[in-house]
Structures are given as structure tokens and as C-alpha cells.
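FYI, side chains are in, hydrogens and waters are out, and symmetry mates aren't considered; it's all heavy atoms of this structure. Chain letters run A, B, ... following the sequence lines, proteins first and then strands; every chain starts at 1.
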Amino acid sequence: MKRYLHSLFDKASSRLDYLKDLTLHFEIPPNNDFGDLSCNAALLLSKKLKRNPRTLAAEILENLEIDKNIIYKTEIAGPGFINFFYTPAFVTGIIAEVLEKGDNYGRSNKFEGKRANVEFVSANPTGPLTVGHGRNAVCGDTVANLLEWVGYKVDREYYFNNAGRQMRVLGDSVRLRYLELLGEEVQFPDEYYQGEYIKDIAEEIKNEFGASLKNEPAEGKFKIKAEQEIFADIEKSLISIGIKFDLFFNENLLYSDKKIESLLGRFKEKNLSYEKDGAVWLKLSELGNEQDKVIVKSTGEPTYRLPDIAYHITKFERNYDLIIDLFGSDHNATYPDVVAGLQALGYDTSKMKVLIHQFVTIVENGEIVKMSTRKANYITLDELVDEAKADAVRYFFNMRNISSHMNFDLALAKKQSDENPVFYLQYAHARICSILKMVSEQNLVASTANLHLLSTDVEIQLIKKLHQFSEEILNAALQYEIHHICVYLEELAAIFHKFYTFCRILGTEKDLAEARLALIGAVKIVIKNGLKILGVNAPDKM
RNA sequence: GCGCCCAUAGCUCAAUUGGAUAGAGCAACAGCCUUCUAAGCUGUAGGUUAGUGGUUCGAGUCCACUUGGGCGUACCA
């Protein structure tokens, strides 16, 4: 519908010059009395043209060639809003459209032919995924889904590093636990990985190799085994919430393919780096950032910046139209350096979008639980899924704006099933399925022949809500804000539940019953499609 | 100190990105099941949108300052 109105304004702009470079904005008014869509163009223009907004609105209206079959009424309201009212024929026509498009209703081809890379999770294999990773994982996967719904071909990518100091410490942690199991006295340093999973891995090694690894170095079998085990667990955790990656990118590849080396050369060649105190520095202060930063330590080892930049260059070389990075807020200081470096080398960083999600704070008995993988003080994603099931966990993370800090009480998480609105949505779907099952035994079939019989407020509201779905998706995708889908679905489900209470199907006159069947069939499609984007099941029965 | 994020009902959060009377869930209170699933519906109560100023037709939303919180501020990632 918005597209139709845009086209009307486009035509009118040939007569009204001031409409030409105006970005139009249509929105759904807060109140039914104000119509179905509202436009504030006159208000915006009044400032620029120094004219009364209401007379401007009247002038615009006169120049719109409105199809009376689609919009039966327009009005100028308040300070100068132009309100549009849909005809009943247009409204009921929505149902047929939903039914016809089915599983594809809500998809758009706006970004057809474009390719996107969404990088998320990217946790190094040093321990199980925590609740914090869970938020990242769910949000990343949902953003990817959303992009697919607007036409992108999406690669979900996981970047990891299995070299370096962290991994040495991991290997040595396992080695010490192994020696402990063999009955040796060992000093287990505080800064080593304290988690129980380290002991489990040591146990497995002991079962496989007996005492034969007494003199094995930490970076040998210990590290390798730990990495394998942990990675397998990570993948299992991800699959348990329905996430599968297309690509795993190992940081090592950047070294073995000489990407780091050549990048260093390019910085030097462009005079963007220099040596000081035995280290190599990147001239970030000349690129608009606060201060210069080290890219190669005096030990000869690069800092994270160099591989990160090299890694992103590979994304540009792989020709993505959109490159998304999803980080937790603890990384908020790192990406500007990477972006500045890329920009200096001439890459089009406007293709990049960095999404930062805020932390999930776990509160237990009124106190905040500080999470640390190293100190083994964390709640794992697996524990959360055990307590609250995958659908509830996915919905829980999807339903909030990623920029908002999330609090949750662990005690509450355990009874989360009662409070999570996901069940409200699933229940609506299950109720529809139940009706459809029941009518199949009667002599009733969904029919679009008599949709004009759908005339109560709640029915009209429900249909109009269905119409908003595609625009909600597009809007959410353009802003990478997935929680809008949840808000929309909850509103839709609320109207449906009201409909369910007031408008019966069984025992109603045949034509009306069949029209209502068509309506709930359409509702079912939209709920199912919406939940699909969120990665949540739509059960037939509850 | 500096940078990013945040502050909305008792609690957890929305608010169409500057729009018309700030909305949901949970908790509280009062109702609704002999008819398609009560994991539902109806109603009541709950707000100086942290504070102070500013910008304009119009501010929860933008700007400045203040207060309070989270995350950073490494030759860790």
C-alpha cells in the first residue's frame, strides 16, 4: 500500500515541484479514527516553504489521483496530516493475497541478487558457549534470516583463532589436570581455565592414552584434543538452538596464505605504519581515530588488529554487497581501528555494518553474577536451553532491542516458560490448527467468495494487521532490528486471541464460517512465517 | 579522565526512527469455561519518560549540561 501511495505522490510531483526531493514517510496512525495510513509531508514542507500546513495538505490532496477502489476517503487532520482510509474491498483482498503467497508471504525481492556475509558468535574454542554468546548467536542467525527474507543470499560465518596465548594456556590447563589424574602433585595457576570441562577432557585423554602422555607438551595432544572437544560442543550447542554456519574461517589461514605479510607491506608502502620501541604502529591518529595503535608487537607477533583487518579484506575480496559483524559490547572499542585501516586501504567500508549487542546480566538472589570463561563463573547456553527449551531461548533473545541491556534472574529463567510470550504466539497458531482440524470433519471449506461478511471491528483489525507484515520485515531488515518482528507478532496474536473469543466458526452460518476460515488460514501463514524468521517452531498442538 | 551503550508503570521491556491520547507481559485487584484449546478473553489500578535547560507546529526520541549504571580505554582477543 505504501508503494501505491508513493507512486501517487510521484505522479503529483510533476505538478507540485516541492514534492520532488521530499522523502515521504507514511505511518499507521495511533487511532483508527485517523484512518489506515497517514502522511506528514505537508508538515515537513510548511517549514521549508513558510506556508500553512493545512492549505499545503489540501493542495497536495487535489493533485493525487486516488483510485476510489483502494482508498475511499481522505482527510486533513490535526496540524496538517493527510489521512487515508482503505476501502473494504481492498482490505478483504489482503486475505486472498496472503493465502496465495503462503510460505512466501512477507518475502520481498528488494535485495535480489545481492550477497551478504553475517559474521557472528566467533568464539575461540576455549570453553563452552555462555548465555552471552547465546544472545549473539540467536541475534546473528535471526538477522541472517531477515536478510534472506528481503532477497539477500546470506553466508553465516564463524571466525575463530586456535593459536596464540589463550590456546597455549588452554592446552596447559588440560595437561595439568591430566597429571593430577595420574596422581601427581601439581600447582594449578589461578589464571588457567578452571572449568569442569577441562577435567572431563583430561579424563578422556587419560582413558585413551593412559599414562603415556606424561611428557607430552601442552601444545601437543592436549591442546589439539581440547580444541576438538570444545569445538564439537560449541557446534552441538548451536545446533540445539537451530543454528548452522555455512563457513568457518580459521585465523591461521591468514598467516599460511601470507595475507598478514602482504597487508603489512601495503601499510608500509602507503606510509601508514612506522616502527617504534621495536613494535610496528599503525597511524590511526592520521586516519581520524584517537591514537596510533600497535599492529606488530616487539615480540614479532601481530596484535588482533592486523589479522582482523586482513580477515575483513577477504570478505571484500569475496565480493559481498553487505558485510555484517555482530559483537558484544566488550568489543566496542576494537572495530573503529579495523574500519579505519580498511578505509585507508581504499575499501568501501559503507558496505560494512557493525552491530553491537549489550550484555546479558545474570542476576542470582539479587546479585549480579560476573561471567568469565577462565574463572568458570558463567551460565552456559546449554544450561539455559535445558531449563527453558530452545524456542523460549530464541524468542527471549530476539524480543529485545540489541542495544538494550538485558537482565534476567536465573530463578525467573527456570520458570520462564510461563512468562515468555513465545507461548502466546505458538498458542495462537495451535488454536488455528485445532479449528482447521475440526472443520475438516464438517462440511466447511475456507472460501474467499464472501469475505465482505467479515465486518466486525476485530476481523477488520486482524486483516489490516496481516497487511503490515511485509513492511515490518523490510523495515526490520533495513535497520537490522529483529525485535520489531516480535512486537508485530505479539500484536497480531493479541488480535487473533480476541477474534477467537468473540468470533466463532463452528455453529456459525456457512458463508460467514467459510470466510472466517479463510481469514484464520491467512493468520496461520503469517504467524508461521514470522516465527520462521525468528527460528521458532509453530506447533500444531500445545 | 576519555570513548561507546543505557536510564520509560512495582519488575522485564515496547513505542512505526521527530508525530496525534506513551503501550505490552509479569505482579495486584474484579469478572468470564455445558459450544472451535482458559498457555485465552474483559475490566480496574499503576507514569512529572532520571533531572535541568534548549531546538520547533510537535520531543520518550534531537542538542547541551547534571545524576546514576554497563562495557571498554593493552605490545590480551
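Atom-to-atom, CG of A:Asp325 to P of B:A77 comes out at 17 Å; the value is rounded to the nearest Å. At whole-Å resolution of the value, CG in A:Asn52 and C1' in B:C57 are 10 Å apart. Nucleotide B:G18 holds its C1' atom 9 Å from the CD atom of A:Glu27, rounded to whole Å. Counting to the nearest Å, the P atom of B:U37 and the CD1 atom of A:Ile520 are 10 Å from each other.
Between the P atoms of B:A22 and B:U48, the separation comes to 13 Å (whole Å). Distance noted for atom C1' between B:G25 and B:A59: 27 Å (whole Å). Between B:A64 and B:A24, the two P atoms lie 34 Å apart (nearest whole Å). The gap from the C1' atom of B:U16 to that of B:A9 amounts to 22 Å, rounded to the nearest Å. Look at the P atom in both B:A20 and B:G58: the space between them is 14 Å, to the nearest Å.
Here B:U12 is the nucleotide among B:A38, B:G19, B:U12 with the atom lying nearest to any side-chain atom of A:Arg400. Nearest nucleotide to the A:Lys498 side chain, out of B:U42, B:G40, B:A77: B:U42. Distance from the side chain of A:His483 is smallest to B:A15 among B:A15, B:G19, B:A20. Between B:C57, B:A77, B:C76, one nucleotide has an atom nearer to the side chain of A:Pro79 than all others, and that is B:C57. Of the candidates B:C5, B:C41, B:A14, B:A14 carries the atom nearest the A:Asn401 side chain, counting heavy atoms from C-beta on. For A:Asn31, whose side chain is taken as the heavy atoms from C-beta onward, the closest listed nucleotide among B:G19, B:U21, B:C36 is B:U21. Comparing B:A24, B:A14, B:C76 against the side chain of A:Arg165 picks out B:C76 as the nearest. The side chain of A:Ser403 has B:C6 as its nearest neighbour among B:C6, B:G40, B:A77.
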Inset, instruction - List the steps and the verdict of side chain to side chain donor-acceptor pair (under 3.5 Å) for A:Glu472 and A:His484. - result: CA-CA 7 Å; A:Glu472 290 286 350; A:His484 285 139; 5.6 Å; no
Inset, instruction - Kindly determine whether A:Gln468 and A:Tyr488 satisfy side chain to side chain contact (heavy atoms under 4.5 Å, CB included), including the steps that lead there. - result: CA-CA 9 Å; A:Gln468 291 170 28; A:Tyr488 167 81; 4.0 Å; yes
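A:Asn332 contributes a side-chain N or O that forms a donor-acceptor pair with the base of B:C71 under 3.5 Å. Checked by distance alone, A:Thr303 brings no side-chain donor or acceptor within 3.5 Å of a matching partner on the base of B:A74. In this model, no side-chain donor or acceptor of A:Ser329 finds a partner on the base of B:C4 within 3.5 Å. Judged by distance alone, with hydrogens and angles left aside, A:Asn40 brings no side-chain donor or acceptor close enough to the base of B:A20 to form a pair under 3.5 Å.
Checked for salt-bridge contact, A:Glu157 and A:Lys315 miss the test: no charged N lies under 4.0 Å from a carboxylate O.
Contact annotation for A:Met406: backbone-only contact, meaning every heavy-atom pair under 4.0 Å involves sugar-phosphate atoms and none involves a base. Here A:Gln479 lies in heavy-atom contact (under 4.0 Å) with a base.
The side-chain ring of A:Phe81 is not stacked on the base of B:G19, judged by centre separation under 5.5 angstrom and plane angle under 30 degrees. An aromatic stack links A:Phe34 and the base of B:A20, using centre distance under 5.5 Å and interplanar angle under 30°.
Just one of A:Glu491, A:Glu471, A:Glu459 meets the salt bridge (Lys or Arg N to Asp or Glu O under 4.0 Å) condition when paired with A:Lys465; it is A:Glu491.
Note that A:Lys73 lies in the cation-pi zone of A:Phe85, set by a 6.0 Å cut-off to the ring centre and a 45° limit from the axis.
Here the two rings, on A:Phe249 and A:Tyr158, have centers that are 6.0 Å apart or farther.
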